[in-house]
Amino acid sequence: MGKVTGFLEHERQDRGYADPKERVRHYKEFIVPHPEPAIKLQAARCMDCGIPFCHSGCPVNNLIPDWNHLVYESDWKDALASLHSTNNFPEFTGRVCPAPCEAACTLNIIDQPVTIKSIECAIADRGWREGWIVPEPPERRTGKRVAIVGSGPAGMACAQQLARAGHSVTVFEKNDRVGGLLRYGIPDFKMEKHLVNRRAVQMEAEGVTFRTSTEVGVDVSFASLKENFDAVVLAGGAEEPRQLAIPGAELPGVRLAMEFLTQQNKRNAGDDEVRAAPRGSLVATGKRVVVIGGGDTGSDCVGTSNRQGAASVVQLEIMPRPPEKEDKALTWPHWPLKLRTSSSHEEGADRDWAVLTKRVVGEGGEVTGLECVRVEWRDGRMEEIAGSEFTIPADLILLAMGFTGPRKAGLLDQTGVAYDPRGNVAADTVSYATSEPNVFACGDMRRGQSLIVWAIREGRQAARAVDEALMGFTELPR
Ligand SMILES: Cc1cc2nc3c(=O)[nH]c(=O)nc-3n(C[C@H](O)[C@H](O)[C@H](O)COP(=O)(O)OP(=O)(O)OC[C@H]3O[C@@H](n4cnc5c(N)ncnc54)[C@H](O)[C@@H]3O)c2cc1C
Ligand code: SF4
């Protein structure tokens with residue numbers, strides 16, 4: 001514990017954001033980091049509790065009080081080593097993790113939690129700036145070959161751990177660049193992509209081979225992977241989008257959020273319009289946009305629409321508006337249900353809750369509006385409120401209602417793996433083994449739509465399980 005009285009002396013002060021009017025003019029990150037002395041004071045607020053609930057709040061079980069102490073002592077290099085001992089990519093989570101650790105922070109019971117996520121980010125960014133983060137190739141090679149399908153955070157974490165254990169790892173990725181949803185889901189203004197490139201370079205130097213633009217099940221058969229590798233890890237994400245089954249949803253102005261977001265990230269990467277948008281360019285410029293779905297993906301559509309110069313942006317959610325504040329006595333140390341206003345919302349959007357969409361209105365093949373009705377929720381059941389129908393004028397409707405699970409066509413149909421009742425690839429969280437011999441699964445493909453930090457956890461744990469299965473023992477951490 002760096003400073004015994006730190007939490008009594010210093011208020012929580014988190015990183016700031018650039019002015020919304022300025023930041024909507026570009027797609028770059030806009031977080032304004034604190035200077036080092038201010039970060040140390042924030043780290044000093046950590047109470048080093050007897051039972052650090054933040055450990056279990058964090059899905060990778062980051063050793064948070066340890067690195068808070070080290071930061072306060074200005075020992076940034078050891079703080080980085082501590083952070084890397086549980087998290088392969090803290091610069092990703094330090095930017096886009098929702099920080100369940102902070103909800104679980106003991107200070108959060110009666111005060112404001114420690115700014116854990118910002119401190120994590122500062123440690124990782126400093127590590128890169130100082131040149132402390134370098135490839136860590138293994139001393140010995142095992143001669144075992146592992147194929148990983150999917151280069152999202154689960155596949156990347158799994159690949160890095162296995163390569164460091166001495167295995168020869170090949171990551172197959174159907175997209176033209178690595179990173180999964182880090183690359184083509186999360187907008188650049190939340191996380192710039194040079195961060196993913198930098199990790200991929202590090203991993204290549206550690207012995208990982210990336211085979212991009214290669215879809216397993218289409219360009220390469222699953223059978224050939226089984227034949228040529230000692231183990232196969234399925235980390236292909238949960239890509240099946242939830243569709244909108246209402247009249248008019250087939251109109252061309254009704255589009256999937258992922259199509260919209262991916263195109264913008266490709267443009268930002270310098271791809272020309274044809275490469276970015278093989279099905280035709282999709283932009284919100286000058287349009288009245290309605291985003292259906294109140295979650296993170298919807299919020300990313302709001303931020304991207306505003307940057308593209310949408311005429312207006314409305315975001316709809318079918319669930320009721322959550323309370324402004326949680327009842328901490330009931331919710332701590334768990335992740336509370338409460339109203340969350342993202343940086344994209346601050347940039348401008350009309351949000352509405354308890355709204356059911358009924359019909360897309362069109363004219364001459366173009367979307368002109370969206371008919372809706374208000375709903376009430378009673379005992380988990382939804383009822384339409386008679387007479388509450390209304391129509392929102394719209395030119396572009398973006399579907400951001402989540403994902404139902406992994407895509408079965410192609411890869412999974414060739415594997416013969418069993419599924420759990422929710423349609424995800426069935427595997428437990430110790431062996432990560434699927435019903436097929438020597439085939440493992442992790443990340444969203446196993447657990448369903450989730451978070452970067454859970455994908456990293458599963459990738460790390462699956463690597464340990466694979467290493468143990470191949471070698472009979474493992475020294476990789478769980
Ligand atoms: C728009 C959006 C924003 C999000 N924002 C956040 C956020 O801010 N914070 C957060 O924590 N989480 C966020 N998430 C969730 C998070 O991105 C995912 O939970 C996480 O990326 C899952 O990691 P994964 O590695 O399991 O799968 P993915 O990231 O989905 O990666 C799977 C990869 O597998 C590839 N693949 C699939 N099938 C094949 C095949 N047959 N052959 C070759 N390659 C294949 C895919 O192309 C993809 O690159 C967001 C999700 C979305 C959609
Ligand atoms: S990875 Fe997420 S939950 Fe864990 S310490 Fe970082 S911000 Fe908190």
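Bear in mind the structure is a predicted one, so any value in this text is a computation, not a measurement. Indexing begins at 1, ligand by ligand and atom by atom, following the structure's order.
D296 has no carboxylate O lying under 4.0 Å from a charged side-chain N of K190, or vice versa, which leaves the two without a salt bridge. Ion pairing of D125 with R95 is present here, as a side-chain N (NZ or NE/NH1/NH2) and a carboxylate O approach within less than 4.0 Å. Salt bridge annotation for E173-R183: absent, with no cationic side-chain nitrogen under 4.0 angstrom from a carboxylate oxygen. Of the charged side-chain nitrogens involved, at least one lies within less than 4.0 Å of a carboxylate oxygen, so that E347 and R23 count as a salt-bridged pair.
Around atom 2 (Fe) of ligand 2, the protein atoms of type N, O or S found under 2.8 Å away are C97 SG, listed by chain and number.
Neither side chain, T86 nor N61, offers a donor N or O lying under 3.5 Å from an acceptor on the other. Counting only N and O atoms by type, the side chains of R164 and Q161 include no donor and acceptor under 3.5 Å apart.
Those atoms of ligand 2 with a heavy atom of I64 less than 4.0 angstrom away are 5 (S).
Using modelled atom types, no side-chain atom of T404 and backbone atom of R242 make a donor-acceptor pair closer than 3.5 Å.
Among residues two or more places apart in sequence or in another chain, the salt bridge (Lys or Arg N to Asp or Glu O under 4.0 Å) test is passed with E458 by R446, R447. Partners of D352 under the salt bridge (Lys or Arg N to Asp or Glu O under 4.0 Å) rule, at least two apart in sequence or in another chain, are R374.
Residue-level contacts of ligand 1 at the 4.0 Å heavy-atom threshold are V96, P98, V149, G150, S151, G152, P153, A154, F172, E173, K174, N175, G180, L181, G185, I186, K190, T214, E215, V216, A235, G236, G237, E239, M258, L261, T297, D300, F403, L411, G443, D444, S450, L451, I452, A455.
Relative orientation of the Y27 and F189 rings is tilted, given thresholds of 30° and 60° on the angle between their planes.
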